[in-house]
There are 2 protein chains.
Amino acid sequence: MSRSQITIRDVAIQAGVSHQTVSRVINNSEQVTPSTRKRVEDAIKKLGYRPNVIARSMAQGHTHTLGCISPNLTNYIFSSIIENAQAEARRLGFFILTGFASSADDVPLLLDEMLNRRVDGLLVLNPRDDERYLHLLPLIESGMPVVYLKNTPKEEAVSSVCADDQNGGYLATQYLLELGHTNIVTIIGPKNEECTQDRLKGYRQALSEASIKQEETLVIKGDWSAESAGRAVQELLASATPFSAIFAQNDRMAVGTIRALRDSGLRVPQDISVIGYDDIPLASYFDPPLTTIRQPMDEFGRHGAQLLVDSIQNPKHSPRQVRLDTQLIKRNSCAPLQS
Amino acid sequence: MSRSQITIRDVAIQAGVSHQTVSRVINNSEQVTPSTRKRVEDAIKKLGYRPNVIARSMAQGHTHTLGCISPNLTNYIFSSIIENAQAEARRLGFFILTGFASSADDVPLLLDEMLNRRVDGLLVLNPRDDERYLHLLPLIESGMPVVYLKNTPKEEAVSSVCADDQNGGYLATQYLLELGHTNIVTIIGPKNEECTQDRLKGYRQALSEASIKQEETLVIKGDWSAESAGRAVQELLASATPFSAIFAQNDRMAVGTIRALRDSGLRVPQDISVIGYDDIPLASYFDPPLTTIRQPMDEFGRHGAQLLVDSIQNPKHSPRQVRLDTQLIKRNSCAPLQS
DNA sequence: CGCTCACATGTGAACGGTAACATTCTAATT
DNA sequence: AATTAGAATGTTACCGTTCACATGTGAGCG
């Protein structure tokens, strides 16, 4: 890039007007005569002028930039939320600066850098119940617009968009009950994540409505990865606990579960039914095609961006919590209980 | 956020020094006495001062921000490249502004907005051979640092990082040949993408080295999606073309291929061998576990960011092309030809 | 014909940093 | 004690916009 850029003043000279008039043309102010507007536009084209958003940000005090903090970018859940948030943000005139915090230690650093860059607001994915995320609280109190996305603590004080995970857990369990299963195992995610707790609540609610005694041995721990579910299932089988169905709290764990069951000579769904959660893109291409709970990925991002931009533009609006519906997707990994 | 922010001058007054001294402290200039440095640092802490990167960008003429244009963010290939590029960029003091162009029409718009935001350089993923990407050429000529990532045209004039797709195609085909297959189908991606052509070249090279006549009916078209491969396989079966192995040019198509074959009563790998490309995260959890060609996802992003930052900081360095190695990952979707 | 008013355009000062240069201070050297 | 180099600190201008206000212009009216 040639070092010195073309400024509004160069355009002004070329068009024989003042720099302010050029500014007015750029910002579509009504106060400009068609003839001068034309002259200015010609000058802009001729010189190849490009407005400097940095300078504008400086003068106006806002950047039209949103910060987005996510645990990572590769997990389909997050990437699709970010993609949709970005599309919506751009529609509203905002750009998104993404940053991922592989370890929670990175969060304060990331936050700092984004704040130094004067983002107008913050989109925070999976704000875990972790002290490193507590840095956000004073910020929010001081008036920085923030929206929590997915898996969020139930806080009245901050806007958030999350799925109705309790209902999701309920739907999954309910479906297995309908098929006649009563010994239903659930493989949960990390306990400090809100959605783990909610899905578990849904699971318990369904069981208790069906008057089934809840065995604590049927709730086993995973970490969302396929491998963790595989290990968990092996231990389960070794313990000789009786069960006929497994509700894995995400699809990756469901897939790991199926693999482990098959490795032990059990058939899915004939011997054991398995249901997942998320409906990841290739869910229907696994064997058997995965029955699962779908979350509306596109709406997370869209609502998140809308909520955030709204609270930037109307600082007085009070925080809102959006709760999205989940949906049972029946495929072939669950079958009626064989007696 | 309280409307008026704390500036370098507020800190200066508080510490009883000039604003320039504060600036020197912030930028770790050596020219500051320990005692004044301490006074300034205390003032910074006391006032909760935060440097304004926007103002700094304005004064210095560069933003320490990289633009990254990608067809989408959800595809694992892209998201992992972006994640790694971001990690590396941050290490080097840069942030990444991501933008995705769902349609190629979006590219010029995205480019415009990023240029208006004065990004210091541009990372372009999958710059297809498409007129909309030609907007980049004059930019590059004018000295804007740009790095093409993955699937790039072979241009000497611009830095790029891509995998050795020809060798990847060769490795896949070679492996099938080793297993005794001679009628090898390949399902390709869109023809205007460089990597499609390269993988196809590798496929042809392997066949020709094995002195096998190349039937054009064995090269069939997909669009990278599992569904497209399913349809392609159905047509192939309907045409009664004899074949015993399929090289799908990505894993999603491989998975779609396996599904379609099974739906027609064929077993994988006993009747037909299938090999994919990419080694997506759950590749080993499909049934059968996918044999595939792995690309080094992390290195794409890392090298891309390094190359870009280097050419920003040393405008005189000439463009470099990095070519990454691919690797055959043997799992269970391929078997020796049954005679 | 002069006055008013509304609209079009111009002027100068911010915004919060850094760059370049000027000045002051310190301590070593003469 | 005067000189002086070199380090520490200060001063002023500038980066490219927008904002607030000032000024210019022309139509409409009595």
Side-chain angles (χ1 to χ4, degrees), chain A residues 1-41 43-44 47-65 93 113 115-120, chain B residues 1-41 43-44 47-65 93 113 115-120:
Chain A
M1 195 163 48
S2 47
R3 197 73 294 256
S4 71
Q5 49 177 324
I6 292 132
T7 78
I8 214 176
R9 286 172 218 262
D10 299 323
V11 175
I13 291 167
Q14 172 75 28
V17 296
S18 78
H19 64 120
Q20 183 55 27
T21 300
V22 177
S23 174
R24 279 190 264 260
V25 170
I26 294 167
N27 294 290
N28 284 313
S29 159
E30 294 310 312
Q31 313 266 77
V32 188
T33 310
S35 77
T36 38
R37 153 158 283 134
K38 171 106 178 51
R39 247 182 321 140
V40 170
E41 281 168 349
I44 288 177
L47 297 179
Y49 167 79
R50 203 176 254 302
N52 186 324
V53 174
I54 298 294
R56 178 177 298 167
S57 297
M58 170 100 130
Q60 298 192 137
H62 54 252
T63 55
H64 278 259
T65 305
E113 293 182 37
L115 258 24
N116 289 352
R117 282 170 183 263
R118 297 299 191 268
V119 294
D120 292 336
Chain B
M1 195 163 48
S2 47
R3 198 71 294 254
S4 69
Q5 50 177 323
I6 292 130
T7 78
I8 212 176
R9 289 168 220 262
D10 299 322
V11 176
I13 293 167
Q14 171 76 27
V17 296
S18 77
H19 65 194
Q20 184 55 27
T21 300
V22 177
S23 173
R24 279 190 264 259
V25 170
I26 294 167
N27 295 289
N28 284 313
S29 158
E30 293 310 311
Q31 312 267 77
V32 187
T33 310
S35 77
T36 42
R37 151 159 286 133
K38 169 110 178 47
R39 247 181 321 140
V40 170
E41 280 167 350
I44 287 177
L47 298 178
Y49 166 79
R50 221 178 236 297
N52 185 324
V53 174
I54 298 293
R56 178 178 297 167
S57 297
M58 169 102 129
Q60 297 193 140
H62 54 251
T63 55
H64 278 262
T65 306
E113 293 182 38
L115 258 24
N116 289 353
R117 281 169 183 264
R118 298 298 190 268
V119 295
D120 292 337

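Throughout, protein chains are lettered first and strands after them, A, B, ... in sequence-line order, and every chain is numbered starting at 1. In what follows, every heavy atom counts, from backbone to side chain, and hydrogens, waters and symmetry copies are set aside.
- Between the NE2 atom of A:His62 and the C1' atom of D:dT17 there is a distance of 12 Å, given to the nearest Å.
- Listed nucleotides D:dC19, D:dG10, C:dC15 differ in distance to A:Gln60; the shortest reach to its side chain belongs to D:dC19.
- In the interface, the side chain of A:His19 is not paired with the base of C:dT9 through any donor and acceptor atom under 3.5 Å apart.
- Per the geometry, NE2 belonging to B:His64 stands 11 Å off P belonging to C:dT18, to the nearest Å.
- Rounded to a whole Å, the CD1 atom of B:Ile13 is 12 Å from the P atom of D:dG10.
- Listed pair A:Ser18 / C:dG10 meets the phosphate criterion, a side-chain N or O lying under 4.0 Å from OP1 or OP2.
- Put simply, B:Thr36 has a side-chain N or O that comes within less than 4.0 Å of OP1 or OP2 on D:dT9.
- Looking at B:Arg24, its side chain comes within 3.5 Å of the base of D:dG10 through a donor and an acceptor atom.
- Among the protein residues, B:Ser57 comes within range of no part of the nucleic acid, since none of its heavy atoms lies under 4.0 Å from any strand.
- Comparing A:Thr7 and B:Gly16 by the nucleotide of DNA chain D that holds the closest heavy atom to each, the one mapping nearer the 5' end is B:Gly16.
- Residue B:Gln20 places a side-chain atom within donor-acceptor reach of the base of C:dA19, judged by atom type and a 3.5 Å distance cut-off alone.
- The structure places CD of A:Glu41 at 9.5 Å from OG1 of A:Thr36, a figure rounded to the nearest 0.5 Å.
- Heavy-atom distances to DNA chain D give each of B:Ala59 and B:Arg39 a nearest nucleotide, and the one nearer the 5′ end belongs to B:Arg39.
- Here B:Asp120 contributes atom CG and B:Thr65 contributes atom OG1; the two are 6.5 Å apart, rounded to the nearest 0.5 Å.
- For the pair A:Gln5 CD and D:dC15 C1', the interatomic distance rounds to 9 Å; values are reported in whole Å.
- Using a 4.5 Å heavy-atom threshold, the side chains of A:Ile26 and A:Ile8 count as touching.
- In this structure, the separation between CD1 on A:Ile13 and NE2 on A:His19 is 10.5 Å, given to the nearest 0.5 Å.
- Between the side chain of A:Ser29 and the backbone N or O of A:Gln31, at least one donor-acceptor pair lies under 3.5 Å.
- Between B:Ile26 atom CD1 and C:dG16 atom P there is a gap of 13 Å when expressed in whole angstrom units.
- For the atom pair CZ (A:Arg24) and CZ (A:Arg37), the distance works out to 11.0 Å, reported to the nearest 0.5 Å.
- Closest to the side chain of A:Gln31, from the set D:dG10, D:dT18, C:dT9, is C:dT9.
- Protein atom CE of B:Met58 is 12 Å distant from nucleotide atom P of C:dC15, rounded to whole Å.
- Residue A:Ser23 has its side chain nearest to D:dT18 when only D:dT18, C:dT18, C:dC15 are considered.
- Note on B:Arg37: nothing from the nucleic acid sits closer than 4.0 angstrom, heavy atoms only.
- Between B:Asn52 and C:dC15, a side-chain N or O to OP1/OP2 separation shorter than 4.0 Å is absent.
- Considering only side-chain N and O atoms, A:Thr33 lies under 4.0 angstrom from the phosphate OP1 or OP2 of C:dT9.
- Contact annotation: side chain of A:Arg56 to base of D:dG16, donor-acceptor pair absent below 3.5 Å.
- If you take CZ of A:Arg9 and C1' of D:dC15, they are 10 Å apart, rounded to a whole angstrom.
- No contact: B:Val53 has no heavy atom under 4.0 Å from any strand.
- Following rounding to the nearest Å, A:Asp10 (CG) and D:dT17 (P) show an atom-to-atom distance of 9 Å.
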